[in-house]
*Asks:* 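Structure provided below as C-alpha cells; questions to follow.
So that the names make sense, note that chain A is the first sequence line, chain B the second, and so on, each numbered from 1.
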Amino acid sequence: MWAFRRDLLARGALRGVAIGAAVAACGLLAARAFLSPLPPAAFAMFAAVPICALACALFALRRAPSRAMCLALVEDASHAGGLILSKDGPGAEKWPRPVPTAPYVPSTWRRAIPGALVALAALAAVAAAPDDWFAAGAPQPLAPAFPDVTTEIKNELAELEEAKTLDAEEIKALQEELDRIEKEADPSAPGETLDAVDAVREKLDALLDIDAEAAKHLLPENNTFASLATLTNGAEQLKKMLEESSEGRCPHCGRKLGEGEDECSGDCCACEESKDGDGNGPGKGGVSRGRGDAPLDFGDETQLGASKLKDLAEKAGLAGNPSETKVGESISNEDPAKRGVPSSPGARRAIGGRSQGASAGQNVLPRHRGTVKRFFDIERKAP
Amino acid sequence: MTLLSPDDVAPVKQDLDATLAALDRMLLGRPELHRLVLAGILARGHILLEGLPGLGKTALIRALAQILDLDFKRVQFTPDLMPSDILGSHILETGPDGNRAMVFKPGPVFCNLLLADEINRASPKTQSAMLETMQERTVTLMGVTRPLPKPFFVLASQNPIELEGTYPLPEAQTDRFIFKLHVSPPDAPTLTAIITTRSHGDMPESGFTLGKESLNRALDTVGKVLLPEAVANWIGRLVAATHSAKYVTCGASPRAAIAMAESARALALMDGRPSVGFDDVRKVTFPVLNHRLILDYRAKLDGVDARNVVEGVLDSTPVAE
C-alpha cells in the first residue's frame with residue numbers, strides 16, 4: 001500500500017519538477033529577451049520548480065485511491081472470498097489469511113524522469129546563455145533610416161543651392177552641420193543623432209518659410225487682381241449684347257418669329273422635340289397624348305379576301321347519332337362470372353373472411369420491411 | 001460483526017457437501033444448477049425453473065424434497081385450478097356433537113416444499129393466490145391469517161415455448177422468486193450416462209437425508225456469514241445500475257439486492273467461508289436479475305436479452321468506487 005502511494009508521490013513530484021522547470025525557463029527567456037540588464041529578481045523564477053513539484057506530489061497523493069478501495073481491488077483480484085476485506089474484524093485470526101495473488105502493478109514513476117530532465121536542461125540553458133544571444137543585451141545597430149535622412153537633406157540643399165532659393169552661406173552652414181552630425185554619430189544612441197538631424201531639418205524649413213512669406217508680399221504689386229476684374233466686366237457686357245440681339249427669334253434654331261407667334265413652327269430638331277414633349281393644347285399631346293380629346297381617325301375596313309384563314313363547316317358528331325353509343329360499360333369493367341366469388345357467406349369466410357383475403361396480397365411497406373425481417377429472424381433464433 | 005469460526009462452518013459445510021453430492025448422484029450432469037438451487041433454498045427463497053419439457057425440472061425438485069426430508073406437496077397447475085385448490089377452503093361439517101360448523105380444510109400450500117408444476121398454466125386469479133404465501137408465508141382466508149410451516153419454499157417450473165393456454169407470470173410474482181434458473185439440455189456424455197445407468201430413467205435413492213434440524217442449522221448459519229461493506233456497496237450499485245442501463249424499461253427492485261446478498265452468503269457458506277466475496281455476488285447476479293429486468297422493444301429488435309444487459313451492468317460497475 002505504502003509502495004503504491006510512494007510511487008504515486010514520486011511520479012507526481014517528477015511531473016511537478018517538469019512543469020515548474022518549463023514555467024521557469026519560459027519566464028526567464030521572456031525576461032532576458034526584453035530586459036537588459038536582467039534584474040536579479042528574475043532568478044526567483046527558479047522557485048517555481050520546487051513549488052510545482054510539491055503541489056503536483058500532493059495532488060497525486062490526493063488522487064490516490066483510499067485504503068478501502070485498494071483492499072476491495074486486492075480482494076477482487078485475489079479471489080479471496082471476502083477474507084481480505086474481513087481480515088481486521090473480530091474472529092478473523094482463526095482463519096488462515098489468504099496470500100493475495102493480485103497482479104503485479106509496475107512502478108511507473110521512472111517514466112516521468114525524462115520529461116523532468118529535459119525541462120531542467122532547458123531551464124539551465126536559458127539561465128546560462130550569454131547576454132549577446134538576446135536582443136536586449138546586444139549592441140543596438142544604427143537606425144536604418146539615419147543615412148537616408150541625412151542624404152535626403154543634403155540633396156535638398158544641393159537643389160536649393162542650384163535654384164538659388166536660399167543664400168549660399170546658409171546652405172553651407174547647414175551642410176557643415178550635417179557632416180559634423182555624421183562624424184559624431186554614436187551607434188549606441190541613435191536617438192540623439194536623429195534629434196540632431198531633426199534640428200537641421202527644422203532650421204531648413206524655417207528658412208524656406210521665410211522665403212514663401214516674401215513671395216506672398218510680392219503678388220499685389222503685379223496687379224493681377226485688377227486684370228481679373230476687367231475680364232469679368234467684359235464678359236457681362238458680351239452677355240447683355242447677346243440677349244438684346246436674340247429678341248423675337250426662336251431660342252432653339254434662331255429663326256425670326258412672326259407677330260403673335262410664341263414659338264417656332266419650323267422643322268428643326270429642337271423645335272420638333274419641343275412639340276412632342278410638351279403636350280400643351282388640345283390634340284397636341286406628345287408621347288403622353290395630352291388630355292385625350294384629340295380626334296380619332298378611322299380608316300377603311302380590312303379586306304379578308306386575301307386572308308389564308310377560311311371558315312369550315314363542322315361535321316356531325318356522336319351527339320348527332322345516339323344509337324352508336326353504349327352507356328355504363330367499358331373495357332375496364334370486370335366480368336363477375338370469371339371472378340369466382342363463393343356464393344354462400346360461409347364459403348366466403350373460409351376463403352378470406354370479410355376482407356376476401358385482401359390483406360394476404362398486401363405488400364409490407366418498404367420502411368417496415370427491415371423491422372419485420374429482423375423480428376422474425378429473432379423469433380427463429382430463440383430457443 | 002464477529003466472523004464465524006471454522007468450527008461453526010465446518011459441520012454445515014459437510015452437510016451441504018453431502019446434500020450436493022446426493023443431488024449430483026440422483027441427477028446427472030448439472031452440478032452448477034444444483035449449487036444454485038441449494039443456494040436459493042439456503043437464502044430462504046423461492047425458485048423458478050424454466051426449461052423445455054423432459055429436462056428434469058420436476059425430478060430435481062422431487063429429489064431435493066427427498067434429500068431435505070421436508071413435507072413435500074405437488075400441485076399441477078391447470079387453467080381450471082382455483083385459489084381454494086391451493087390455499088384451502090371452509091367446508092360445512094357436522095361435528096361429533098351434531099353441530100354444524102364451517103371447518104377450514106388446508107390446501108396443499110400448507111407444507112414445507114411446494115412444487116408448483118407448470119405454474120404458468122393457471123389463470124392469473126390462481127397465480128395471485130400465491131402472492132401472499134410466497135412473500136409473507138401466510139394464508140388469509142375469511143379474515144383469518146394462518147402462518148405456513150417453517151421453512152416454506154415454492155419451487156415452480158414453467159415451459160418457455162408453449163404459449164397457448166398459458167398465462168405469463170406477472171412481474172409482481174416473478175419478483176418473488178429469488179432465482180429464475182434456466183434448465184439447459186444435458187450434453188451427450190450425460191445422456192449416455194443416463195441411459196446406461198438408469199432403468200427407464202428412474203432416479204436412484206438419495207442415500208442421504210439432511211433433515212429439518214440440519215437444514216435449520218444451515219439456515220441460521222447463513223445469516224451469520226459476514227457481508228463486507230465493500231461487497232454490500234457493490235451489490236447496491238449493481239442493482240441501481242440496472243435502472244439506468246440501456247434496453248431496460250424497469251430495473252431490479254430492492255428485493256433483488258436482498259436476494260443477491262442472501263444467496264451470495266449461501267454460496268460463501270457452501271464454500272466453507274465466513275465472509276462473502278465479489279465472486280459470490282458475480283455467480284448469483286444473473287439468476288437474481290434475469291427475470292427482474294423488463295427490457296424494452298429495442299432489446300428485441302437488437303437481439304439483446306437479459307444476459308447481455310446483466311453482463312453490461314457487471315462490466316460497467318467497478319468493485320471499488
*Asks:* Using modelled atom types and a 3.5 Å cut-off, is there a donor and acceptor pairing between side-chain atoms of A/R32 and backbone atoms of A/G27?
*Replies:* no

*Asks:* Ignoring hydrogens, what is the shortest heavy-atom contact between B/A320 and A/A72? Give both atom names and the distance.
*Replies:* CB-CB, 3.9 Å

*Asks:* Which one of B/P6, B/A230, B/G277 has the most heavy-atom pairs closer than 4.5 Å to chain A?
*Replies:* B/P6

*Asks:* Measure B/P228 against the heavy atoms of chain A and call it side chain, backbone, both or neither at under 4.5 Å.
*Replies:* side chain

*Asks:* Checking side-chain hydrogen bond (donor to acceptor under 3.5 Å, both in side chains) between B/S5 and each of B/D7, B/D8, B/T2, which is the one that passes?
*Replies:* B/D8

*Asks:* Is chain A contacted by the side chain of B/P274, its backbone, both, or neither, given a heavy-atom distance below 4.5 Å?
*Replies:* both

*Asks:* Would B/R307 count as a cation-pi partner of B/F286, with NZ or CZ less than 6.0 Å from the six-membered ring centre and within 45° of the ring normal?
*Replies:* yes

*Asks:* Between A/G81, A/G370, A/S86, which has the largest tally of heavy atom pairs under 4.5 Å with chain B?
*Replies:* A/G81

